[in-house]
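Here it is, the structure, as structure tokens.
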Amino acid sequence: VFSGKVKAANVLASAPSDRNLGAFKELGCKTTHCNSEVLQHCTVVFLATKPSLYRGLPRHQAVPAPPAVPRDHVIVSVAAGVTLQILEELLPAGTKVLRVMPNLPCVVQEGAVVFARGSCAGEQEAALLKSLLSSCGLCEETPESYIDIHTGLSGSGVAYVYLFAEALADGAVKMGMPSALANRIAAQTLLGAAKMILDTGEHPAKLRTDVCTPGGTTIHALHELEKGALRATVMNAVEAATVRARELGKR
Ligand SMILES: NC(=O)c1ccc[n+]([C@@H]2O[C@H](COP(=O)([O-])OP(=O)(O)OC[C@H]3O[C@@H](n4cnc5c(N)ncnc54)[C@H](OP(=O)(O)O)[C@@H]3O)[C@@H](O)[C@H]2O)c1
């Protein structure tokens, strides 16, 4: 809707209450409290209810989709930990289903999204989803096994970056810069550094080395980060979140 790829008037959102539907209404989307109405009027259906709603249901009685999912429909689930196997067991045989894992910056169209397709979803459905989700940021099709890794890298990774941004700014505050200015500059530093990785296609190690003048400020600072085992700590964090995502998915 934000990118203009889909007209707001062509979006129909359903939920039991108006709690979240207000935001859709403000964008000009249509809303309903009846899930079947969505299936009647829309061929691409996103399931974005809490993962607990999918568990413990009899087969072929997925919430919110009722059993009669027409063959030409594409069902997309964003529910964390709900596998393609669970989705295919809940939906009628032959349903084209895809599983998506977004991250928070999708709300500012700079997200990192991965998706995997179910056994009945083909190239066409994957291309359609990629085209729609590219409006939310980077969008890549991956094997389903990467989805938990994506959670460790990017879903939870957003929080590691916030922690780093906070520490970066705090360092500047310690050295005498006002906090508000330090926070803005820290955020812009992350944005600029990230954009250079994407725009140049260079490995981060190459870009980091380019900033290091022999005997200069940066190499002195990097030595301190190495003493604090920054790299090993961040790798451990990605591993811990990935393992936890796998555990939660098995429940
Ligand atoms: N938030 C994230 O960053 C993030 C990241 C990755 C994945 N996810 C996944 O996204 C999903 C939604 O998370 P959220 O944080 O956005 O939760 P949320 O704000 O609680 O949204 C869930 C929505 O589902 C609606 N709902 C509940 N039962 C329903 C039913 N039977 N039929 C149709 N709609 C129903 C709820 O309606 P009411 O408004 O009436 O309660 C609510 O609007 C979860 O599966 C989560 O794992 C979220």
Side-chain angles (χ1 to χ4, degrees), residues 1-2 11-27 29-42 44-69 73 75-91 95 97-116 118 129 132-133 135-142 144-162 238 241-242 244-251:
V1 171
F2 287 117
V11 175
L12 176 59
S14 172
S17 78
D18 283 327
R19 188 173 66 96
N20 281 337
L21 291 184
F24 286 89
K25 282 183 187 156
E26 274 173 29
L27 288 169
C29 303
K30 288 181 271 186
T31 63
T32 176
H33 297 302
C34 174
N35 293 331
S36 313
E37 210 180 302
V38 176
L39 281 175
Q40 271 165 26
H41 293 100
C42 305
V44 181
V45 180
F46 284 81
L47 306 181
T49 58
K50 292 286 188 199
S52 53
L53 273 185
Y54 298 73
R55 308 251 159 77
L57 288 167
R59 287 179 178 208
H60 308 307
Q61 285 191 16
V63 172
V69 180
H73 278 42
I75 307 291
V76 183
S77 167
V78 302
V82 180
T83 60
L84 285 166
Q85 189 189 340
I86 295 174
L87 291 163
E88 287 185 339
E89 282 174 4
L90 289 170
L91 293 159
T95 304
V97 59
L98 299 104
R99 180 181 169 199
V100 169
M101 187 51 61
N103 74 346
L104 183 62
C106 284
V107 298
V108 292
Q109 286 82 59
E110 289 295 352
V113 184
V114 295
F115 71 91
L129 187 62
L132 288 172
L133 293 183
S135 318
C136 301
L138 178 79
C139 179
E140 299 279 351
E141 183 178 4
T142 66
E144 189 179 21
S145 60
Y146 291 5
I147 286 185
D148 289 333
I149 305 174
H150 177 264
T151 300
L153 168 66
S154 186
S156 302
V158 171
Y160 327 149
V161 174
Y162 289 145
V238 175
T242 305
R244 184 66 181 143
R246 285 178 184 157
E247 277 170 11
L248 292 174
K250 279 184 193 140
R251 282 194 185 168

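Read the numbers this way: they start at 1 and go in the same order the structure lists the ligands and their atoms. Count residues from 1 along the sequence.
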Heavy-atom gap Leu104 to ligand 1 smaller than 4.0 Å:
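Contact absent.
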
Return yes or no for this condition: an N or O of Lys50 is under 3.5 Å from an N or O of ligand 1.
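Min N/O separation from ligand 1 is below 3.5 Å for Lys50.
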
Report, in ascending order of atom number, the atoms of ligand 1 lying under 4.0 Å from any heavy atom of Ser14.
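Going through ligand 1 atom by atom, the ones under 4.0 Å from Ser14 are 33 (C), 34 (N).
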
Which option out of Asn20, Val113, Asp18 puts a heavy atom nearest to atom 43 (O) of ligand 1?
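The nearest heavy atom belongs to Asn20.
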
Mind checking whether Val82 contacts ligand 1 via backbone (N, CA, C, O), side chain (CB onward), both or neither, at a 4.0 Å heavy-atom cut-off?
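Neither; no heavy atom under 4.0 Å.
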
Could you work out, with salt bridge (Lys or Arg N to Asp or Glu O under 4.0 Å) as the rule, every residue matching Glu110, not counting sequence neighbours?
none

Counting heavy atoms only, which of Val78, Leu21, Asn35 is nearest atom 10 (O) of ligand 1?
Val78

Do any nitrogen or oxygen atoms of Ala80 lie less than 3.5 angstrom from nitrogen or oxygen atoms of ligand 1?
yes

Positive for side chain to side chain contact (heavy atoms under 4.5 Å, CB included) with His73, one of Leu91, Val97, Leu39
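Going through Leu91, Val97, Leu39 one by one, the side chain to side chain contact (heavy atoms under 4.5 Å, CB included) with His73 is satisfied by Leu39 alone.
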
Can you list the ligand 1 atoms lying under 4.0 Å from a non-hydrogen atom of Leu53?
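This gives 27 (C), 28 (N), 29 (C) as the contact atoms.
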
What do we get for Pro16 next to ligand 1 when only non-hydrogen atoms under 4.0 Å count, side chain, backbone, both or neither?
both

Would a distance-only check, ignoring hydrogens and angles, find a side-chain to backbone donor-acceptor pair under 3.5 Å from His41 to Ser36?
no

Quick one: do Glu247 and Lys250 make a salt bridge, cutoff under 4.0 Å?
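Not counted as a salt bridge, because no side-chain N and carboxylate O are separated by less than 4.0 Å.
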
With a 4.5 Å limit on heavy-atom distance, are the side chains of Val100 and Ser77 in contact?
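In short, these two side chains do not touch, never coming nearer than 4.5 Å.
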
Element-labelled atoms of ligand 1 that are located less than 4.0 Å from some non-hydrogen atom of Pro51
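This gives 44 (C), 45 (O), 47 (O) as the contact atoms.
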
Which residue pairs pass the salt bridge (charged side-chain N to carboxylate O under 4.0 Å, His left out) test when at least one of the two sits in residues 145-156, sequence neighbours left out?
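Pairs touching residues 145-156 that pass the test: none.
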
Check whether any N or O atom of Asn103, backbone or side chain, sits under 3.5 Å from an N or O atom of ligand 1, and answer yes or no.
no

With a 4.5 Å limit on heavy-atom distance, are the side chains of Pro105 and Val158 in contact?
yes

Within a distance under 4.0 Å of any heavy atom of Ser17, pick out the atoms of ligand 1 and give their elements.
38 (P), 39 (O), 40 (O)

Taking it one step at a time, do Glu140 and Val113 satisfy side-chain contact (heavy atoms from CB on, under 4.5 Å)?
CA-CA 6 Å; Glu140 299 279 351; Val113 184; over 6 Å; no

Does atom OH of Tyr146 have more than 12 heavy-atom neighbours from other groups under 6.0 Å away?
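At most 12 heavy atoms, drawn from other residues, nucleotides or ligands, come within 6.0 Å of this atom.
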
Is the shortest distance from a heavy atom of Gly155 to ligand 1 less than 4.0 Å?
no

Contact atoms of ligand 1, heavy-atom distance to Met101 under 4.0 Å
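Atoms satisfying the 4.0 Å criterion: 6 (C).
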
Beyond-backbone contact of Asp18 with His33, side-chain heavy atoms, under 4.5 angstrom:
yes

Using a strict 4.0 Å cut-off to heavy atoms of Arg19, name the atoms of ligand 1 that fall inside it.
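That gives atoms 18 (P), 19 (O), 20 (O), 38 (P), 39 (O), 41 (O), 42 (C) of ligand 1.
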
For ligand 1, which atoms sit closer than 4.0 Å to a heavy atom of Ala15?
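Checking each atom against Ala15, I get 34 (N), 37 (O), 43 (O).
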
